[in-house]
A.B. asks: 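Please see the structure below; I have some questions.
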There are 2 protein chains.
Amino acid sequence: MNAPMGLRERKKQRTRETISDTAITLFLEHGFDQVSVVDIAAVAEVSKPTLFKYFPTKEDLVVHRFADHQTVASSVVAERPPGVSAIDALHQHFLDGLAARDPITGLNDDEDVLAFHHLVYSTPSLVARVSKYLAQAEDALAETLAGALDSDREITAALLAGQVIATERILASVNWRRIVAGRSADEVHPEAVADADHAYALLRHGLAGVAPRK
Amino acid sequence: MNAPMGLRERKKQRTRETISDTAITLFLEHGFDQVSVVDIAAVAEVSKPTLFKYFPTKEDLVVHRFADHQTVASSVVAERPPGVSAIDALHQHFLDGLAARDPITGLNDDEDVLAFHHLVYSTPSLVARVSKYLAQAEDALAETLAGALDSDREITAALLAGQVIATERILASVNWRRIVAGRSADEVHPEAVADADHAYALLRHGLAGVAPRK
DNA sequence: GTCTGTGAATTGACTTGGTTAAGAAATTTG
DNA sequence: CAAATTTCTTAACCAAGTCAATTCACAGAC
């Protein structure tokens, strides 16, 4: 598919990676706000306008890495095997992510992943950027669910999409906090699975199904 | 409480309002990105550093107006009458908001409110700012729910908080879209109530309770 | 292998959001 | 009214992001 790529294309690709890698290295070393884009451009040996041609904002130098996650939830629903409900597919996919130590689940104790995570979540403008991606993921999921759910109310799809995205975000943040506290991914894994099962039970059966009324 | 306010305080208050009103007027007239902060400062007859002393960013000139909404959901739960469950209190509060045509519910057809709403939601940087407020509302609600819910799992509070905030955001956006389509708030009100009841049923009893499995 | 056309990179200047320091103005207190 | 303090202004500055004109380098034709 991309084997017959001209020298020009390959060079562009390489330049793009060089810029991003340079930026992330510098950010991890000195902090996002302490590194200016001219610093990055200088180290990467490109000009400032060139840098902005490859990445529209300074934040994109970092967050482009998980840009594709926008469509994951939607695809999971769209491509689930026949006979599997949308929510079962999402639940199973999250459990698979935990088992595979997918960084997006928060259950990953790799040093580099943790450092990257810390960079993102300790920088407000990067957090803002991430939540924009989450909003897009929610929109995409809502649209797919609208076709997959056939509830009597069309709003159900949007509501469920919002709840699913919020749920997975919170599960990931809880897992991540446990890892940051110094525990290993293997050690945390059983709790993470239990939390995920609990969270999806909440989505399936509501608060009345999991918590006593008070 | 604030009756014995010195001349200085009153003047500061007045300056603050002048700056914000000037900004919003100009934004509504020409668009957020087409008006620079020096323009605003000039019209409001203050210097640029003074403007930034009153409002830390350009976005805050607009969104400070619903800054207090951060704590509303949390307060509703904290101050609910005895014998009322947290989710019932939140549900009822949202219905009250609909009845009162509270702009935050999206059910308000006032021309100025609509214009303001459009300004915010058609400007990416303002949307980002709003979602930061929503995140804070979620955190505050999670903390209050943690004390109010006594589930066996502490994560339940965080999950429910995320779901509630997402739910109310989506309900508001649906209402708002109906109003933008040209319908009156009075006309839409019954549907908005039905949607809210449906959404809270989803929170209480889960997807299994409201939609057939597919 | 050289020429030529085209897309990309560079340079340099510019706009805007936001900050800082020093001094001027105005309000409070005595 | 005078002294002390807070606030405002002026002017300069930094960083993100954009734009126009020019230069560079690869690709294809000869």
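Residue numbers begin at 1 in each chain, while the letters A, B, ... track the order of the sequences.
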A.B. asks: Check the pair A/Val174 / A/Arg178 against side-chain contact (heavy atoms from CB on, under 4.5 Å), numbers first and verdict last.
C.D. replies: CA-CA 6 Å; A/Val174 168; A/Arg178 289 187 179 126; 3.7 Å; yes
A.B. asks: In B/S/- notation, 5' to 3', how is nucleotides 10-17 of chain C contacted by protein heavy atoms closer than 4.0 Å?
C.D. replies: BBB----S
A.B. asks: Return the value, rounded to whole Å, for the distance between atom CD of A/Gln13 and atom C1' of C/dA8.
C.D. replies: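 Result: 15 Å.
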A.B. asks: Verify side chain to side chain donor-acceptor pair (under 3.5 Å) between A/Gln92 and A/Asp96, making sure each step is shown before the conclusion.
C.D. replies: CA-CA 6 Å; A/Gln92 188 57 50; A/Asp96 292 346; 3.0 Å; yes
A.B. asks: Rounded to the nearest angstrom, tell me the gap between atom CZ in A/Phe55 and atom C1' in D/dA16.
C.D. replies: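 Atom CZ in A/Phe55 sits about 16 Å away from atom C1' in D/dA16.
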A.B. asks: Nearest-Å distance, NZ (A/Lys12) to P (C/dG7)?
C.D. replies: 11 Å
A.B. asks: C/dA8 C1' sits how many Å from A/Arg16 CZ, rounded?
C.D. replies: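 Rounding to the nearest Å, CZ of A/Arg16 and C1' of C/dA8 are 16 Å apart.
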A.B. asks: By the ring-ring contact (aromatic ring centres under 6.0 Å, His included) test, which pairs, at least two apart or in different chains, include something from residues 103-133 of chain A?
C.D. replies: A/His117-A/Tyr121, A/His117-A/Trp176, A/Tyr121-A/Trp176
A.B. asks: Hey, can you pull the donor-acceptor pairs under 3.5 Å for the side chains in residues 46-54 of chain A, sequence neighbours left out?
C.D. replies:
from	atom 1	to	atom 2	distance (Å)
A/Ser47	OG	A/Thr50	N	3.4
A/Ser47	OG	A/Thr50	OG1	2.9

A.B. asks: Below 4.5 Å, heavy atoms only, C-beta onward: do A/His93 and A/Glu168 meet side chain to side chain?
C.D. replies: no
A.B. asks: Using a 4.5 Å cut-off on heavy atoms from C-beta on, say whether the side chain of B/Leu95 contacts that of B/His91.
C.D. replies: yes
A.B. asks: Roughly how many Å is it from CD1 in A/Ile19 to P in D/dA16, rounded to a whole number?
C.D. replies: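 To the nearest whole Å, that distance equals 15 Å.
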A.B. asks: Applying a 4.0 Å non-hydrogen cut-off, can you work out what A/Tyr54 is touching in the nucleic acid: base, sugar-phosphate, or nothing?
C.D. replies: sugar-phosphate
A.B. asks: How long is the line joining NE2 of A/His30 and P of D/dA15, in whole Å?
C.D. replies: 15 Å
A.B. asks: Between atom NZ in A/Lys11 and atom C1' in C/dT6, what is the gap in whole Å?
C.D. replies: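 Distance, rounded to whole Å: 15 Å.
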